[in-house]
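Below, chain A is the first sequence line, B the second, and so on; all start at residue 1.
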Protein chains: 2
Amino acid sequence: MGISKTEHFSENQNEIATAAKALGHPARIAIMEYLMSVDTCICGDIVNELPLAQPTISQHLKELKNAGLIKGSIEGNAICYCIDETCLEKIMTYFSAMAAQLKSKNCC
Amino acid sequence: MGISKTEHFSENQNEIATAAKALGHPARIAIMEYLMSVDTCICGDIVNELPLAQPTISQHLKELKNAGLIKGSIEGNAICYCIDETCLEKIMTYFSAMAAQLKSKNCC
DNA sequence: ACTATTAATCGTAATATTGCAATATATAAA
DNA sequence: TTTATATATTGCAATATTACGATTAATAGT
């Protein structure tokens with residue numbers, strides 16, 4: 001139906017899935033990488049960096065923001081976007097734990 | 001258009017995005033967690049574990065397999081699914097590097 | 001051969017995502 | 001206050017995803 005049965009899964013499972021979903025698009029990965037690469041986060045120029053129209057970038061930024069992966073603060077005329085470390089660290093920890101746990105198994 | 005402009009992004013960006021996308025659904029996270037939790041990977045019973053119909057699970061398994069996150073081998077009548085460590089390790093490394101790089105920055 | 005079991009595939013309905021042109025909003029600069 | 005700049009929102013078309021009933025395929029057990 002195109003609608004996920006989120007209520008059947010744990011809060012943690014939904015949280016990880018939401019973050020992963022937000023990262024599940026090359027443009028959004030590119031945005032994250034760009035935000036990493038610039039020291040200052042005066043970031044309206046993502047539009048110039050990526051081969052997508054301004055409304056599309058805006059939409060991708062919104063999704064990353066909704067997922068808690070980035071945060072934006074008004075900087076005069078422009079908006080300063082940057083990565084939200086908390087969320088990224090959470091994902092990292094989750095997959096790190098999974099990878100570590102895997103090593104003690106011998107699958108097919 | 002519902003179609004991603006994947007050709008405009010790097011191979012690595014697309015790879016990470018594909019893996020993240022595959023993990024971007026609570027049911028697929030639940031499947032991964034289940035595959036982690038069972039020592040042996042005699043795994044047809046995912047259907048009994050999750051609140052989804054058999055064709056739906058099958059579809060989710062297919063997506064995880066396409067993304068390289070799991071692999072399946074025929075075990076007589078049933079099929080033995082288990083996590084593909086290589087791919088998971090790759091994601092882990094990627095986000096780990098990102099998280100580490102973040103610590104040397106002071107954003108807004 | 002017949003029947004159960006296991007899992008994939010097909011078809012389809014409901015909904016979500018992606019992308020952009022056009023437009024709106026809001027601040028800065030003149 | 002007019003004008004430029006920066007970003008968000010709206011509306012829409014094309015396509016993708018999610019879910020499942022019905023069916024198929026393939027092996028196991030009898």
Between [X] and [N], is there a contact of a side-chain N or O with OP1 or OP2 at under 4.0 Å?
| X | N | value |
| --- | --- | --- |
| B:H25 | D:dA19 | yes |
| A:K21 | C:dT17 | yes |
| B:T56 | D:dA19 | no |
| A:H60 | C:dG19 | yes |
| A:Y81 | D:dA8 | yes |
| B:S58 | C:dA7 | no |

When the distance from [atom1] of [X] to [atom2] of [N] is rounded to whole Å, what number comes out?
| X | N | atom1 | atom2 | answer |
| --- | --- | --- | --- | --- |
| B:K71 | C:dA7 | NZ | P | 18 Å |
| A:I79 | C:dT25 | CD1 | P | 16 Å |
| A:Q59 | D:dT9 | CD | C1' | 10 Å |
| B:K62 | D:dA16 | NZ | P | 14 Å |
| A:I57 | D:dT9 | CD1 | P | 15 Å |
| B:I74 | C:dA7 | CD1 | P | 11 Å |
| A:N77 | C:dT27 | CG | P | 9 Å |
| A:K65 | D:dT9 | NZ | P | 8 Å |

Which heavy atom of A:L102 sits nearest a heavy atom of B:I83, and at what distance?
CD1-CG2, 3.4 Å
Could you say whether A:A78 or B:G24 is positioned toward the 5' end of DNA chain D, judged by the nucleotide with the nearest heavy atom to each?
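That would be A:A78.
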Do A:T86 and A:D84 have a side chain donor and acceptor closer than 3.5 Å?
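There is such a pair between these side chains.
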Using the ring of each side chain (for Trp, its six-membered ring), is A:F95 parallel, tilted or perpendicular to B:F95, with breaks at 30° and 60°?
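Taking B:F95 first and then A:F95, their aromatic rings lie parallel (interplane angle under 30°).
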Should the ring pair B:H25 and B:H60 be called parallel, tilted or perpendicular, given that the plane angle runs from 0 to 90° and is split at 30 and 60?
tilted
Taking the nucleotide of DNA chain C with the nearest heavy atom to each, does B:P55 or A:E63 sit closer to the 5' end?
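On the 5' side of the pair lies B:P55.
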Look at atom CD of B:E11 and say whether more than 12 heavy atoms of other residues, nucleotides or ligands are closer to it than 6.0 Å.
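At most 12 heavy atoms, drawn from other residues, nucleotides or ligands, come within 6.0 Å of this atom.
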Just to be sure I understand the rule, does A:L52 reach a base, reach only the sugar-phosphate, or reach nothing, if contact means heavy atoms closer than 4.0 Å?
sugar-phosphate
Which part of the nucleic acid, if any, lies within contact of B:Q54, taking any heavy atom under 4.0 Å across all strands shown: a base, the sugar-phosphate backbone alone, or nothing?
base
